[in-house]
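What follows is a short report on a single structure.
Just follow the structure's listing: the first ligand is 1, and inside any ligand the first atom is 1. Please read all numbers here as calculations on a predicted model, not as lab measurements. Scope of the values below: all heavy atoms of this structure, side chains included, with no hydrogens, waters or symmetry mates. One-based numbering along the sequence shown.
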Amino acid sequence: MKTIEVVAAIIHHDGKILATQRGYGEFKDGWEFPGGKMEPGETAEDAIIREIKEELEVEIKPEKLLVTVDYDYPKFHLTMHCFISSIVSGHILLTEHEAAKWLLPSELETVDWLPADVEVAEKLKEYLAGKNH
Ligand SMILES: Nc1nc2c([nH]c(=O)n2[C@H]2C[C@H](O)[C@@H](COP(=O)(O)OP(=O)(O)OP(=O)(O)O)O2)c(=O)[nH]1
């Protein structure tokens, strides 16, 4: 099976986390962490900064790799590196997504995540809970 390598940004601001809803394609209407496919020769950090500039028109700083998830979709294998990130400059403008929501840690289970993201949301919740202690 073909593997695609993707980067995703877990953007935090004022104690909330950004979730975005896919506006087109196979997974239309599913909720995800914004991002996309890595390009040849790119580091994961470079890729996530580029993708977020394209999709949300903000500059981010990837601060920490929370998790790399591997997930078997019926047609491909996904390897996705998920970076906790902060906004460095700009205002969010959705250029590709149909909606976005800022979620409190307690609200992370309230959106219909893409299958690969369920594990990411769980890990994130644990990570954020640990940070409060
Ligand atoms: N960006 C992103 N993609 C995810 C997540 N979860 C998940 O299963 N995916 C899957 C959906 C897609 O098959 C793939 C990402 O591809 P993409 O279509 O966003 O990549 P891209 O921006 O480079 O798009 P394109 O130029 O090929 O249209 O990863 C997630 O949280 N964020």
Relative to ligand 1, is Tyr71 under 4.0 angstrom through side chain, backbone, both or neither, heavy atoms considered? neither
Are a donor atom and an acceptor atom from the side chains of Ser86 and Glu63 found within less than 3.5 Å of each other? yes
Distance under 4.0 Å to a non-hydrogen atom of Leu78: what atoms of ligand 1 satisfy this? 7 (C), 8 (O), 29 (O)
Please answer whether the main-chain N or O of Leu108 pairs with a side-chain N or O of Trp113 as donor and acceptor at a distance below 3.5 Å. yes
Among all protein heavy atoms, pick the one closest to atom 4 (C) of ligand 1 and tell me residue, atom and distance. Glu32 OE1, 3.7 Å
Using ring centroids (six-membered ring only for Trp), state whether Phe27 and Tyr73 fall under 6.0 Å. yes
For atom 26 (O) of ligand 1, is the nearest protein heavy atom closer than 4.0 Å? no
Atom NE2 of residue position His77 - does it have more than 12 heavy atoms of other residues, nucleotides or ligands inside 6.0 Å? yes
Is the shortest heavy-atom distance from the side chain of Leu103 to the side chain of Leu18 under 4.5 Å? no
Examine ligand 1 and decide if any of its atoms is less than 4.0 Å from a heavy atom belonging to Glu51. yes
What do you reckon, does Phe76 put a non-hydrogen atom under 4.0 Å from ligand 1? yes
For Leu56 against Pro34, the heavy-atom pair lying closest together: CD1-CG, 3.9 Å
Would you mind finding which of Ile52, Ile48, Val120, Ile4 brings a heavy atom closest to atom 14 (C) of ligand 1? Ile4
Heavy-atom neighbours of Lys125 NZ exceed 12 at 6.0 Å: yes
Is there a heavy atom of Tyr24 sitting under 4.0 angstrom from any atom of ligand 1? yes
Say whether Tyr73 and ligand 1 are in contact under the criterion: heavy-atom distance to a ligand atom below 4.0 Å. yes
Backbone N or O of Ile48 within a donor-acceptor pair of the Glu51 side chain at under 3.5 Å? no
Would you check if the side chain of Thr95 reaches a backbone N or O of Glu54 as a donor-acceptor pair within less than 3.5 Å? yes
Give the single entry among Lys37, Glu5, Arg22 that approaches atom 20 (O) of ligand 1 most closely by any heavy atom. Lys37
Using a 4.0 Å heavy-atom threshold (strictly under), name the region of Met80 that reaches ligand 1: side chain, backbone, both or neither. side chain
Ligand 1 atoms nearer than 4.0 angstrom to some heavy atom of Ala116 are 8 (O)
Heavy atom of Glu55 under 4.0 Å from ligand 1? yes
Give a yes or no on this: more than 12 heavy atoms of other residues, nucleotides or ligands lie within 6.0 Å of atom NZ of Lys75. no
Look at the side chain of Ser85 and the backbone N and O of Phe83, then say whether any donor-acceptor pair between them is shorter than 3.5 Å. yes
Which residue and atom name correspond to the protein heavy atom nearest atom 15 (C) of ligand 1, and how close is it? Val6 CG2, 3.7 Å
For ligand 1, which atoms have a heavy atom of Gly36 less than 4.0 angstrom away? 1 (N), 19 (O), 20 (O), 21 (P), 22 (O), 23 (O)
Please list the nearest protein heavy atom to atom 31 (O) of ligand 1 with its residue and the distance rounded to 0.1 Å. Asp117 OD2, 2.4 Å
Subset of ligand 1 atoms that lie under 4.0 Å from at least one heavy atom of Gly35: 1 (N), 19 (O), 22 (O)
What residue and heavy atom of the protein are closest to atom 32 (N) of ligand 1, and at what distance? Phe33 O, 2.6 Å
When you measure from atom 9 (N) of ligand 1 to every protein heavy atom, which one gives the shortest distance, and what is it? Leu114 CD1, 3.8 Å
Is it true that the side chains of His97 and Thr20 contain a donor and an acceptor less than 3.5 Å apart? yes
